[in-house]
Amino acid sequence: MTPTDPQRPAAELPTAAELPKAYVPADAEGAVRAKWDAARCFHAEPSAPGEAYAIFIPPPNVTAALHLGHAFNNSLQDLLTRYHRMKGANTLWMPGTDHAGIATQTVVEKRLLLQGKKRTDFTREAFVEKVQEWKDEYEATILGQLKSMGCSCDFDRTRFTMDETCATAVRTAFFTLFKDGLVYRGKRLVNWDPVTETALADDEVEMEEVDGHFWYLRYPLADGSGHVTVATTRPETMLGDTAVAINPKDPRAAALRGKKLRLPIVGREIPIVEDDYVVMPASMGGDPADPKAQFATGFLKVTPAHDQNDWDIGQRHGLAAINVMAPNGAISDRHGWTDVSDEAHAFVGLSREEARKRVVAWFKANGLLEDAKPYRHAVGHSYRSHVPVEPYLSDQWYVRVTDDRLRGTALRAMAKDQVEGALPAAVASGPAMSGDGELRFFPARYAKNFQMWHENIRDWCISRQLWWGHRIPVWSRRGEASALAAHLGALASLPSARASVRASRVADGAEVALSALAGAKGEHDLHVCLLDDSDGAALESAGFKRDPDVLDTWFSSALWPLSTLGWPDPSKWPEMAGLLDRYNPSSVLCTAREIITLWVSRMVMFNRYFLGRLPFRHVFIHAMIQDGHGQKMSKSLGNGVDPRDIIHSHGSDAMRFTLVSMATNTQDVRLPVDIVCPHTGDTFTPKWATASGGYTVADAIQSSPKDPSRKMVSGFGAATGVATPTADMPLARNTSARFDLGRNFANKLWNATRFALANLSQARPDSTKEPLTLLDRWMLARLERAVRAYDEAVADYEFHRVAEVVYDLVWRDFCDWYLEGIKPTVRSNATQQAVLAGTLDAILRLLHPICPFVTETLWPSVQALPNRAVAGLSLAPSALCATAAWPAPAASLRDDAALAEFARVQALVDAIRKVRGERQVSPKRRIALLAGDSVRALVTAAGGVVETLAGLETVSPSPATRPAGAVAIPFEGSELLLDGLADAVDASAERTRLSKLIAEREKQASGMRAKLDNAGYVAKAPPAVVEETRQKLAEIDADIAAARGALAALGG
RNA sequence: GGGCGCUUAGCUCAGUCGGUAGAGCACCGCCAUUACACGGCGGGUGUCGCAGGUUCGAGUCCUGCAGCGCUCACCA
């Protein structure tokens, strides 16, 4: 017989004595996890009954361990998962990790650098092997952290974005998009990191403020009739200028129309083009509110190969794009620049920075530098190498997300009422699909981000010049069009189900139809995309080379709701049978707002394109966890706090409860963190240092507060590799007093249960039932209300409300009032015993999604109670709390009369306690209440509760004359007397108390009188509101009169 | 610059339909009482960022301003 057996004999009933005096999480958590594992209760079976409830974990990347931001994210997902599991849903929470191409490769390269080694010292295979080792270590750490937090993921189904099933999905997706014309090779400007020589995604670019200059450069007109002046912050790019643009509305435009300029240094003749994009200077009619109008000259140098906006202008006007740089950022005549003059040769080979100085010097020396002004502006920097990103012309693979099949379906997925304005007509008229209008954001305002992103989206560069990731499955061969055309015959023998062929022109990257290839001129590329590697060798022997690049990490992340369920071929993996149909679309995606564009959008587009369904119906965007300085907790910054540290100091439930209570809809969470000294156990505030980027972080090495000679490594030091923990200098854990809230709460529940068990150990299941007391009715009504409020809060994804509801129910209602109130009666009232046991049982269930460990630990003891039957409270037995049914109080437990009457009881008790507190009456001292009929009736109805909680000895009718030592309290408009508070009355203290009370009430009364004297109020406010004010005023006036009478009796 | 949010008690934050503001922590007093000192009881004198407006009535709705944060854009 297991300890969880609800049939455990009464003789073995756990008693309060068996439970330690305080909840010790470390003693409980391991055993509880073992129980869950043994029962496999989080394993999802598609064939099992129940409505599907599925969540895909946002796969944490394997660069580092999880921090409290992840703990927050996962606590909320676990709350949802456990809640719906208990409500009877067929629940899947899919766990896994993300390979995070750039981030992980960078971390490993940094570590290698500490050993004096570079990536290129290894073969690609050997390097990938090293990254793999890192991944294995951190994947294990991350999964361990999730388990420590109590996450009820189906760990049997854990996936990794580069495992075989995910890789198959990535391969199929790429192949399909390629074949459908949604993946193409493009010659475009990308964010280029000239140090690491790879393209970067937009989100890998960090904007940093730098001090620069505006240089005003004169470009002479080719006919010698004068010059125009351009303003630029990057004069070195002028070597690649192919035009100067002017706004067509500029008054000077007409005179310059058709004229050419002679580009200084280079000697290139360039046109003046007219383009609306150019901002006119304020003096020429430009908008003075536009800051550009302040420093603009109205002439814009156009360098299509080194500036995105110039590229766009170039496209509009058919301008050449002349790339004047090598991949390392140096000026180069070998990457597209052919008209290098003798004068210009001097600049070839210079770095970007040096070239800038020399170009400025040249203009100055030649009298063409009109002006130079200091200017501070934001420039994109690589988050890897921290050098300015170069907009660089290169050949990359793109997903045509601007196609209606991708962008259009994403926009049409939005819930109609969350769409701002109307969708563009071209989008709205697109083909209908299942899931249209069903994607809903919580909070709703984030729908706008999603919409705006898609309306302004650009094609997505997916190739990365890295080694860690999904290698692009395209084999290419370059050559003259006619020569390549000769290969087409052989390629045609490849089955179209496994291979797809496309061709592009080298000069501009434009796609060329295969049928036109034979007749085309010049160098072309032939690209063959293969669904699997089996035909690769044949291609390679025919002179094709596989693309060395890998795919952007988000490409595989975008497939997460598909790949984890076995798409495209679930039958290939028997354990995945049925998953895709059962759990996709999933129920909700829980993530932070920064991810809306990077990930949410792409999952929606891909899931809809490949499967015709939404990946999830709801998107819940939660707050971000910041450190004590308001900085986002992040793996790369190293300011993250390991959840295991908090679990160590406070317990998992405490961490979870606190995090849930901080989950408000609008406010990011600021979490000041302390350090626990590993030498002494003392908690102290760390010494701070300023890291690169101006961030405030804990010093890598900290001193013990009591003995500064003893050192330790901070989490920041360890995370960034700045300091390595040793035996003498161990890693210090973090903690935070913010989690006391949750720890205290778990302990409160623990002790409330101990109390209940102690009082129910003698319970008699067969005793005659007595009617419910007011207190019992009230408790059940509060429970019923709490369950409703809980359900509503979860449905709205308002998690702090969930925490609030259970906190008030458990601490305020159950502990402070109910348990205190039943103390004199519970041992003899069998009905009350059932209410106590039933309420406690329901509370454990309600609390379980937030605090799974303490509730599961207490569960067997409470389940063993023999008498938990309460009419209207359905509490189906269950071996585990994790799989117990959600408590569903019947509507019959709603009892507004009991709530209202008990509210009066509480007000009465509060009023008496207040006087006791002010007069410092010992809790042991019993006093006498003298009151009128209505109050005595209330006391009687409360069945002893008032006497117990207010410490009353006797309750008697109001006497005709006030006893000498009695103290008066106004209550509900009449006077109560408390007698026996003290052996002797302190008349002076009493006068002070009454005067204060009168002043307080008079202030309230005058406010209400002012309202009622206002004719507008009486005439226009709802009659019920006016009537309420009148009643309140009458009551207050009566209170004042009573207090005045008492004051007079004291001779005041 | 665009968008979104925030500004309420010493601190961290709630505040739904507009009807005279709440919680936790901290702080003060009392309490070894038999579930819990990780506890109990009592204690709040807040210009609800500023200025206008709408309204009988504004923390709440509208406008403007200031400060802070996030995000997108920005190399003229």
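What you see is a predicted model, and the numbers here were worked out from it, not measured in a lab. Here is how names work: the chains are called A, B, and so on, in the same order as the sequence lines, proteins then strands, and each is numbered from 1.
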Peer 1: Identify, with sequence neighbours excluded, every residue that meets side chain to side chain donor-acceptor pair (under 3.5 Å) alongside Thr685(A).
Peer 2: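 So Thr685(A) forms a side chain to side chain donor-acceptor pair (under 3.5 Å) with Asp674(A).
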Peer 1: If you look only at pairs with a residue in residues 297-313 of chain A, which of them pass as a salt bridge (Lys or Arg N to Asp or Glu O under 4.0 Å), with sequence neighbours excluded?
Peer 2: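 Found Asp241(A)-Lys301(A).
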Peer 1: For Asp276(A), give me all partners under salt bridge (Lys or Arg N to Asp or Glu O under 4.0 Å), at least two apart in sequence or on another chain.
Peer 2: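 Partners of Asp276(A) under the salt bridge (Lys or Arg N to Asp or Glu O under 4.0 Å) test: none.
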Peer 1: Over all strands shown, is Lys914(A) touching base, sugar-phosphate only, or nothing at heavy-atom distances under 4.0 angstrom?
Peer 2: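 Lys914(A): backbone/sugar contact only, no base atoms under 4.0 Å.
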Peer 1: Would you indicate what His800(A) reaches in the nucleic acid, counting non-hydrogen atoms under 4.0 angstrom: base, sugar-phosphate, or nothing?
Peer 2: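 Counting heavy atoms under 4.0 Å across all strands, the contact made by His800(A) is with sugar-phosphate only.
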Peer 1: I'd like to check the salt bridge (Lys or Arg N to Asp or Glu O under 4.0 Å) partners of Arg670(A); sequence neighbours left out, ordered by chain and number.
Peer 2: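 Expected list: none.
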Peer 1: Nucleotides 3-10 of chain B: which of its N/O atoms have a protein N/O under 3.5 Å away?
Peer 2:
unit_1, atom_1, unit_2, atom_2, d
rG3(B), O3', Lys448(A), NZ, 3.0
rC4(B), OP1, Lys448(A), NZ, 2.9
rG5(B), O2', Thr666(A), O, 3.2

Peer 1: rA14(B), OP1 or OP2 - any side-chain N/O from Thr664(A) closer than 4.0 Å?
Peer 2: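 For Thr664(A), the contact criterion (side-chain N or O under 4.0 Å from OP1 or OP2 of rA14(B)) is met.
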Peer 1: Under 3.5 Å for both pairing distances: what stems, at least three Watson-Crick or G-U pairs long, include RNA chain B?
Peer 2: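 Output for stems: B:1-7 with B:66-72, B:10-13 with B:22-25, B:27-31 with B:39-43, B:49-53 with B:61-65.
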Peer 1: Return the set of residues passing side-chain contact (heavy atoms from CB on, under 4.5 Å) with Thr825(A) (not counting sequence neighbours), or none when no residue passes.
Peer 2: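 Applying side-chain contact (heavy atoms from CB on, under 4.5 Å) to Thr825(A) gives Ile822(A), Gln832(A).
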Peer 1: Determine, for nucleotides 24-33 of chain B in 5'-to-3' order, which nucleotides have protein heavy atoms under 4.0 Å from the base (write B), from only the sugar-phosphate (write S), or from neither (write -).
Peer 2: S----SS--B
Peer 1: Between rC75(B) and Lys301(A), is there an OP1 or OP2 to side-chain N/O distance shorter than 4.0 Å?
Peer 2: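 The answer is no; no side-chain N or O of Lys301(A) sits under 4.0 Å from OP1 or OP2.
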Peer 1: With 3.5 Å as the limit, what N/O pairs link the protein to nucleotides 19-22 of chain B?
Peer 2:
unit_1, atom_1, unit_2, atom_2, d
rU20(B), O4, Gly1007(A), O, 2.4
rU20(B), O4, Met1008(A), N, 3.1

Peer 1: Have a look at Arg738(A) and say if it touches a base, only the backbone sugar-phosphate, or nothing, with a 4.0 Å heavy-atom cut-off.
Peer 2: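 If one applies the 4.0 Å heavy-atom cut-off, Arg738(A) turns out to touch the sugar-phosphate alone, with no base involved.
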Peer 1: By the 4.0 Å heavy-atom rule, please label Val244(A) as base, sugar-phosphate, or nothing.
Peer 2: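 The residue Val244(A) makes no contact with any strand.
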Peer 1: Which pairs count as salt bridge (Lys or Arg N to Asp or Glu O under 4.0 Å) when at least one residue sits in residues 1003-1019 of chain A, sequence neighbours excluded?
Peer 2: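 The answer is Arg1009(A)-Asp1037(A).
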Peer 1: Taking any heavy-atom pair under 4.0 Å as a contact, classify Asp808(A): base, sugar-phosphate, or nothing.
Peer 2: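 Here Asp808(A) touches no strand at all.
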Peer 1: Can you tell me if Asn309(A) touches the phosphate of rC75(B), counting only side-chain N or O atoms and a distance under 4.0 Å to OP1 or OP2?
Peer 2: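 Affirmative; the distance criterion is met.
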Peer 1: Touch check for Phe739(A), heavy atoms < 4.0 angstrom, all strands: base, sugar-phosphate only, or nothing?
Peer 2: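 Since no nucleic acid heavy atom lies under 4.0 Å of Phe739(A), the category is nothing.
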Peer 1: Looking across every strand, which nucleic acid part, if any, lies under 4.0 Å from Arg913(A) by heavy atom: base, sugar-phosphate, or nothing?
Peer 2: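 If one applies the 4.0 Å heavy-atom cut-off, Arg913(A) turns out to touch the sugar-phosphate alone, with no base involved.
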Peer 1: Answer with base, sugar-phosphate or nothing: what part of the nucleic acid does Val1018(A) contact at a heavy-atom distance below 4.0 Å?
Peer 2: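 Contact class for Val1018(A): none.
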Peer 1: Side chain of Lys21(A) only, please: which of rG39(B), rA37(B), rC75(B) is the nearest?
Peer 2: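 That would be rA37(B).
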Peer 1: What side chain to side chain donor-acceptor pair (under 3.5 Å) pairs are there with at least one residue in residues 1014-1025 of chain A, not counting sequence neighbours?
Peer 2: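 For residues 1014-1025 of chain A, and leaving out neighbouring residues, the side chain to side chain donor-acceptor pair (under 3.5 Å) pairs sorted by first residue read Tyr1017(A)-Thr1029(A).
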Peer 1: For atom P, what is the distance between rA9(B) and rG22(B), given to the nearest Å?
Peer 2: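 Pairwise P distance, rA9(B) against rG22(B), rounds to 14 Å.
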Peer 1: Looking at every strand, decide which applies to Asp310(A) at a 4.0 Å heavy-atom threshold: base, sugar-phosphate, or nothing.
Peer 2: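 Nothing, no heavy atom under 4.0 Å.
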Peer 1: Taking only residues two or more places apart in sequence or in another chain, which ones pass side-chain contact (heavy atoms from CB on, under 4.5 Å) with Glu370(A)?
Peer 2: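 Glu370(A) satisfies side-chain contact (heavy atoms from CB on, under 4.5 Å) with Tyr216(A), Arg218(A), His227(A), Thr229(A) only.
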